[in-house]
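Working notes for the structure below.
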Amino acid sequence: DWERFFPNFDEVDFQGKPVALFGLGNSREFPGQFCDALGILHRKIVQCCGRVVGYWPVDGYRFKASGAVVEGRFCGLALDQENEPDKTPDRLNQWVEQIRGELGA
């Protein structure tokens with residue numbers, strides 16, 4: 001659980017470091033704030049000069065609003081294990097490959 005570490009983020013030197021975010025949400029029970037915590041983490045990492053990688057398309061998701069959407073994409077991999085567990089393996093594999101490409105690995 002990242003919440004207990006969150007107050008210490010200002011002390012972490014994220015300068016130029018690549019950071020990939022992922023989060024779990026429930027798009028049916030919380031369609032108006034699907035994976036909002038990703039957005040909270042994203043803002044803090046950017047504020048601390050981290051370089052976020054792994055932005056993910058919103059295509060194929062069913063939700064009304066999300067604090068994790070930045071410039072039309074999720075600011076990391078959003079997973080819905082409650083309602084779409086069958087999509088997780090493919091999304092995860094594609095995301096990891098995307099990050100590898102972004103990092104030149």
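Values in this document were obtained by computation on a predicted structure and should not be read as measured data. This chain uses plain numbering: 1 for the first residue, then up along the sequence.
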Do other residues, nucleotides or ligands put more than 12 heavy atoms under 6.0 Å from the CZ atom of F9? yes
Between [atom1] on residue [X] and [atom2] on residue [Y], distance to nearest 0.5 Å:
| X | Y | atom1 | atom2 | answer |
| --- | --- | --- | --- | --- |
| N26 | Q33 | CG | CD | 10.5 Å |
| K17 | I45 | NZ | CD1 | 11.0 Å |
| L92 | K87 | CG | NZ | 15.5 Å |
| R91 | D86 | CZ | CG | 8.5 Å |
| S66 | K64 | OG | NZ | 14.0 Å |

Verify same cluster id: [X], [Y] (apolar side-chain graph, 4.5 Å):
| X | Y | result |
| --- | --- | --- |
| L38 | F30 | no |
| L24 | L41 | no |
| V58 | I99 | yes |
| V52 | F22 | no |
| V53 | L21 | no |

Give me the atom names and distance for the closest heavy-atom approach of [X] to [Y].
| X | Y | value |
| --- | --- | --- |
| C49 | Q15 | CB-OE1, 3.3 Å |
| C48 | D10 | SG-OD1, 3.7 Å |
| R62 | S27 | O-CB, 3.0 Å |
| R28 | D80 | N-OD2, 4.5 Å |
| A68 | C35 | CB-O, 3.3 Å |
| L103 | P18 | CD2-CB, 3.7 Å |

Check whether Y61 reaches the backbone of A78 with its side chain - one donor and one acceptor, N or O, closer than 3.5 Å. yes
Are the side chains of Q94 and W56 in contact, using a 4.5 Å heavy-atom criterion?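 Counting from C-beta outward, W56 and Q94 do come under 4.5 Å.
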Between F74 and F63, how do the two ring planes meet: parallel, tilted or perpendicular, split at 30° and 60°? tilted
Between Q98 and E102: side-chain donor-acceptor atoms closer than 3.5 Å: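 Q98 vs E102: donor-acceptor pair found between side chains.
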Decide yes or no on side chain to side chain contact (heavy atoms under 4.5 Å, CB included) for Y55 and E71, but give the supporting numbers first. CA-CA 10 Å; Y55 289 85; E71 296 180 11; over 6 Å; no
Go through V69 and F34 one step at a time and tell me if the side chain to side chain contact (heavy atoms under 4.5 Å, CB included) criterion holds. CA-CA 9 Å; V69 175; F34 178 62; over 6 Å; no
